[in-house]
Amino acid sequence: MEEALTVLGDPSAPTVVQRRTHDLGLRVGDDGNFRSFGDYMHAKVSKLLDQCHSGVPTTSAIFAGISIYVDGHTDPPSHELRRLIIENGGEYHHYYLHGRTTYQVAANLAKTKVERLRASEKIIKPEYITDCLKKGRLLPEGDYLLFGGKENAPNNANVAPVQQFFNRSRLHLISTMATELKRFVATMQANEAVHEFPSRAKLGHLVGPVIPTTPIICHIDMDCFFVSVALRSRPELIGKPVAVTHSSANSNAYGEIASCSYEARAHGVYARQFVREAMKTCPDLVCVPYEFDAYVATAKQLYSTLARYTLALKAISCDELYFDLGALCAELSITDPLAIISIIRAEITAVTGCVASAGLGPNWLVARLATKKAKPAGQVYVTAEEAPEFVQSLPISDLPSVGWSNCETIQEQLGANVTTCRQLVERSLPELRSTLGFALGEKVYRAIRGQCDPMEFVQSVDQKSVSVNVNFGVRLKDKPALEELISSISTELKGRLEQIDRAGMLLSVKLLIRQPDAPIEPAKYGAHGPVYPLRKSCKLPRPTTDADVIRINAMRLIGGFQPAVVISDIRGIALHMTKLFTLAGQPIASSGGPKDGTTSLWQFIQTKTNKDGQIADFTWKPITKKKPIDSSNKSPSKAVQTNIADADSEDFSLRLSEVVNPISHRPTAPKRVLGNLPSLPPALTPPSNQFSSICIPDRRNKALNVAGVLIPLQSPILDADISAVLFHLREYVLSLQLRPLKHLISDWERHTHRSSDPAASTAAIARACRFVDWLCLKLHGSVVFGDDDPDSGGEVDFFEKVCATPKKTTQKTVPESPDLFCDDAVAEVAVSIESPKKARKRRNPPPQLFQPQKKPKRPIPKKSSAKRRVIDVINLSSDDDVIILD
DNA sequence: ATCCTCCCCTAC
DNA sequence: TAAGGTAGGGGAGGAT
Ligand SMILES: Nc1ccn([C@H]2C[C@H](O)[C@@H](COP(=O)(O)OP(=O)(O)OP(=O)(O)O)O2)c(=O)n1
Ligand SMILES: [Mg+2]
Ligand SMILES: [Mg+2]
């Protein structure tokens with residue numbers, strides 16, 4: 001069975017995976033009422049959630065996320081069905097939209113039509129709509145289906161392994177849903193003007209003469225969400241220990257439990273536990289499969305229901321949100337908040353068929369903790385007066401931000417006996433800060449007193465980063481396989497960036513590498529097992545969504561690890577994009593957005609690609625003098641040109657800063673960007689420290705470290721200093737390290753500006769620019785900074801002279817001066833470049849912590865261990881998928 | 001001091 | 001078999 005292992009990136013994999021997929025989707029125990037996996041539907045979470053009829057008066061949200069097209073004559077007739085579906089939160093389509101319309105509604109199935117149907121289409125009887133309304137909730141499709149809903153596997157043959165993985169990953173699903181629901185809330189809030197609150201009518205009898213002013217936040221969370229959804233169509237399992245998982249209830253199954261019923265929890269079962277572990281303490285556990293599409297629909301129903309009362313919402317996750325209940329009470333003049341919540345919860349249950357619990361408190365923190373107390377199927381209001389005592393009665397691990405690690409830190413530093421918040425109350429703020437850090441310490445200090453930062457009920461929509469992670473089933477046999485997987489992930493990342501209208505400037509790669517002593521295959525099929533992470537990031541020449549640019553740079557980053565990565569030991573790959581811009585090129589302030597953006601020298605390079613699309617050569621684009629361009633010009637690339645042209649009339653050093661560190665950052669957003677960083681011929685390729693700065697100011701020695709050579713700078717700057725620096729600056733240009741070039745100039749600028757002779761500094765910087773131009777002219781026949789100095793002829797002579805025979809400054813560290821244009825010399829000097837990064841506390845034989853799993857509350861006593869040593873408790877009893885420590 | 005970068009940690 | 005993703009907070013330590 002070894003060869004059947006899921007291998008992402010192995011071309012032989014799809015067939016194998018597909019067969020299993022087929023089995024999985026129709027596994028015994030899945031009654032087919034809902035598909036286990038919306039192989040296509042759940043990839044389109046956003047589409048389901050997009051069907052937002054903000055402003056349309058509706059009476060319920062039963063059909064939220066559902067759309068219908070009515071085919072032929074039906075009873076009730078199509079216009080009636082249209083009214084019913086829209087009034088109850090669904091969508092009516094006048095045409096069947098493949099991939100968008102959930103159901104075709106038809107009284108019967110014309111035989112001639114069946115042949116033309118795609119497997120993914122679903123035809124359902126009109127009674128389905130009316131019966132759902134009678135029951136007040138979405139029913140299982142069951143016998144209402146005339147076609148479809150069962151056999152959706154055929155498409156899987158074409159689904160790439162990465163997509164297969166995401167289509168089955170619950171964690172991917174809930175992440176995606178959370179993001180989409182935030183957008184859903186943000187959209188509703190943006191459409192506030194046309195939004196209505198039909199369910200407020202239900203609160204009429206609560207309205208009184210007093211307008212309350214008490215601040216109350218409400219937190220709502222579905223009880224064992226995935227299980228609740230599953231039990232809607234399995235009423236016989238209500239009251240039994242039930243878990244949602246890919247595995248069947250098998251005492252040897254390594255499938256993770258996503259959610260379990262409260263009956264199962266009473267036996268010690270918890271989310272993230274392996275089924276085989278759960279079976280040990282709960283032998284009667286019933287395992288049921290996922291219903292991804294149903295979670296999407298139900299989540300939207302939950303949010304839509306709340307939106308019938310208020311838009312002061314804050315989305316948290318697929319089954320959980322906060323809202324400003326105090327504001328609602330005030331607006332409606334209602335003094336009994338719990339009565340409102342009873343009505344809302346009843347509506348949620350009526351619409352979704354699932355139970356929600358609610359916590360009320362003076363702030364979001366207390367509300368959240370109250371929810372935990374309210375569960376299952378309850379609601380609790382903790383008033384401001386009760387809050388401190390209430391929180392202090394709870395275990396510290398209940399506090400948000402106190403997870404596995406921080407809990408251990410607290411017990412290590414403040415006493416192993418510390419388990420409840422009350423035991424922390426006596427600790428001073430400085431004490432907690434020194435234990436947990438400045439901000440976390442304060443957070444905890446305030447939390448145990450029932451306090452927290454206020455919550456905004458305006459849904460933020462600005463993402464700061466986008467990432468794609470595949471840490472399951474990664475087994476790569478060679479570089480092409482790696483490249484293929486990177487390619488898939490890059491394409492996925494591109495799609496996600498474009499979906500949110502963003503391009504990114506900073507790309508990071510994270511690999512999970514099998515620990516040296518770990519078995520090739522862990523006990524759990526496809527799992528990464530004990531691993532350590534490797535990370536590397538690079539700045540892209542400009543904001544991009546281009547899959548090729550992402551792929552090529554990711555491969556470069558991976559190739560840059562030292563020692564080299566053993567491809568077959570890679571167990572996980574993640575690509576992370578930060579420093580986001582809109583596709584139109586506007587920086588996103590919240591994304592750590594470049595306050596000082598860098599205009600890359602890419603702006604000035606014309607590349608030539610070879611037949612493989614790789615950059616074979618480049619020339620410098622001369623910067624011609626231009627009259628200032630109309631500043632209303634919106635084209636980003638022209639805007640940069642404008643900056644430079646505008647600077648013509650200004651002093652030279654100012655113009656330099658425009659080039660290396662422009663004041664207004666306006667990156668270009670070309671339709672297609674260059675496929676690669678410019679690379680030199682192999683002989684000139686600099687060593688692997690490609691992303692490190694070649695120039696480091698050394699303040700203590702009043703010197704510049706240029707390419708590993710320490711050059712003391714005197715004040716005022718002497719010609720000798722300049723020539724030494726310029727000589728080594730040549731390495732910069734040769735190695736095309738554009739970011740370092742910027743740093744060199746700015747570092748130098750900073751340094752020299754501190755000197756006693758600013759005029760000398762300006763002159764020195766100007767001279768550096770002349771040097772770059774001179775060098776580029778020599779090497780490529782054009783210049784970077786332009787030549788508007790009538791004196792420059794003399795400058796060239798100067799450089800020819802001083803650089804060809806650089807003076808031996810008093811420095812022993814300055815090497816023998818080679819001929820400037822001798823390739824051997826280039827190689828020699830390049831080799832002398834040190835790696836300036838101070839070898840970050842590299843855990844050298846890197847066994848290291850990876851994602852310690854949250855410790856279960858009940859089972860498994862904590863293993864007392866040395867500081868920072870972490871055991872993966874969930875895997876503790878398994879044969880080999882253990883460990884981790886650092 | 002304050003910022004920046006590279007991580008770890010947390011939550012669902 | 002099994003599908004261990006993802007965004008954001010923030011700490012540590014170096015750069016500015
Ligand atoms: N480690 C986790 C945590 C959660 N989930 C999914 C399944 C849950 O049903 C859903 C909601 O998470 P909750 O933390 O709200 O847990 P439940 O709703 O299952 O239980 P509770 O009643 O405690 O809220 O997210 C998951 O797949 N894996
Ligand atoms: Mg829940
Ligand atoms: Mg939840």
Side-chain angles (χ1 to χ4, degrees), chain A residues 1 4-6 8 17 20-21 23-24 37 161-162 164-179 182 221 225 245-248 250 252-256 258-259 271-272 274-275 290 315-320 368 399-406 409 433 436-441 443 460 463-474 496 506 508 510 512 521-529 531 533 535-537 571-572 574 576 578 590-592 595-596 693 696-697 699 743 746-747 750 837-838 840-841 848-854 868 872 874-875 881 886:
Chain A
M1 217 37 189
L5 181 67
T6 301
L8 294 175
V17 171
R20 275 194 227 102
T21 296
D23 291 341
L24 193 68
F37 303 99
V162 167
Q164 289 275 357
F165 167 66
F166 285 133
N167 285 341
R168 287 163 177 71
S169 163
R170 79 188 199 278
L171 292 173
H172 172 71
L173 179 81
I174 64 178
S175 271
T176 309
M177 286 176 72
T179 302
K182 283 169 190 170
D221 188 303
F225 183 44
T245 167
H246 284 299
S247 299
S248 52
N250 169 337
N252 210 21
Y254 282 94
E256 272 188 14
S259 178
R272 282 206 96 150
F274 288 164
V275 168
Y290 291 94
I316 297 297
S317 74
C318 63
D319 83 327
E320 164 176 10
R368 185 158 121 59
L399 299 176
S401 75
V402 178
W404 192 92
S405 173
N406 287 336
T409 304
R433 280 183 163 164
L436 294 169
F438 189 88
L440 271 179
K443 215 180 223 184
S460 159
Q463 265 178 255
K464 295 173 184 149
S465 69
V466 180
S467 65
V468 178
N469 302 246
V470 181
N471 294 326
F472 183 91
V474 177
R496 292 189 201 175
L506 190 66
S508 320
K510 186 184 75 169
L512 298 186
E521 290 304 332
K524 172 171 169 153
Y525 175 85
H528 56 57
V531 291
R535 298 180 173 83
K536 219 175 179 54
S537 63
R571 290 292 177 270
H576 199 98
T578 49
S590 61
S591 101
K595 292 170 190 113
D596 75 310
S693 174
I696 303 165
R699 225 161 300 132
H743 284 169
S746 57
D747 289 348
R750 208 168 21 249
K837 290 262 150 79
K838 198 192 296 176
R840 190 179 188 79
K841 247 195 291 182
Q848 174 179 339
L849 168 73
F850 174 68
Q851 293 225 17
Q853 317 216 356
K854 189 169 178 176
R868 301 223 115 239
D872 180 340
I874 287 183
N875 293 329
D881 187 14
D886 99 326

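Chain identifiers are assigned alphabetically (A, B, ...) following the order of the sequence lines, protein sequences preceding nucleic acid strands; residue numbering begins at 1 within each chain.
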Side-chain atoms of A/Ser467 come closest, of C/dT6, B/dC8, C/dA2, to C/dT6
Starting at NE2 of A/His576 and ending at C1' of C/dA7, how long is that distance when rounded to a whole Å?
-> 7 Å
Do A/Lys510 side-chain atoms and A/Ala574 backbone N/O form a donor-acceptor pair below 3.5 Å?
-> no
Between atom OH in A/Tyr290 and atom P in C/dA3, what is the gap in whole Å?
-> 6 Å
N or O in side chain of A/Ser537 less than 4.0 angstrom from B/dC6 OP1/OP2 = yes
side-chain N/O A/Ser405 vs B/dC9 OP1/OP2, d < 4.0 Å | yes
Is any side-chain heavy atom of A/Ser465 closer than 4.5 Å to a side-chain heavy atom of A/His576?
-> yes
Applying side chain to side chain donor-acceptor pair (under 3.5 Å), name anything that partners A/Asn469, two or more places apart in sequence or on another chain.
-> A/Ser467
For C/dG10, take OP1 and OP2 only and decide whether either is under 4.0 Å from a side-chain N or O of A/Lys443.
-> yes
Quick one: is A/Asn471 getting a side-chain N or O under 4.0 Å of the C/dG5 phosphate, OP1 or OP2?
-> yes
Salt bridge (charged side-chain N to carboxylate O under 4.0 Å, His left out) involving A/Arg170 - partner list, sequence neighbours excluded = A/Glu256
Looking for any heavy atom pair under 4.0 Å, which part of the strands does A/Arg368 touch: base, sugar-phosphate only, or nothing?
-> sugar-phosphate
Which listed nucleotide (C/dT6, C/dG4, C/dG5) is nearest to the side chain of A/His528?
-> C/dG4
Is there a side-chain polar atom (N or O) of A/Ser175 under 4.0 Å from OP1 or OP2 of C/dA7?
-> no
Indicate the ring-plane relationship of A/Phe472 and A/Phe165, choosing parallel, tilted or perpendicular according to the 30° and 60° boundaries.
-> parallel
Of the nucleotides C/dA7, C/dG4, C/dG5, which one has an atom closest to the side chain of A/Gln463?
-> C/dA7
Can you figure out which of C/dT6, C/dG10, C/dA2 approaches the side chain of A/Ser247 most closely?
-> C/dA2
Ignoring backbone atoms, establish whether A/Ser401 has a side-chain N or O less than 4.0 Å from OP1 or OP2 of C/dG10.
-> no
Sugar-phosphate only, base, or nothing, as touched by A/Arg571 at under 4.0 Å among non-hydrogen atoms | nothing
Think A/His172 has a side-chain N or O under 4.0 angstrom from the OP1 or OP2 of C/dA3?
-> no
Check whether any side-chain N or O of A/Lys524 sits under 4.0 Å from OP1 or OP2 of C/dA3, and answer yes or no.
-> yes
What is the distance, rounded to the nearest whole Å, between atom CH2 of A/Trp404 and atom P of C/dG4?
-> 22 Å
Establish, with yes or no, whether the OP1 or OP2 oxygen of B/dT10 is under 4.0 angstrom from a side-chain nitrogen or oxygen of A/Asn406.
-> yes
Is the distance from OP1 or OP2 of C/dG4 to the nearest side-chain N or O of A/Arg170 less than 4.0 Å?
-> yes
Residue A/Arg535, side-chain heavy atoms: nucleotide from B/dC7, C/dA2, C/dG4 that is nearest | B/dC7
A/Val466 has a side chain; which of C/dA2, C/dG11, C/dA7 sits nearest to it?
-> C/dA7
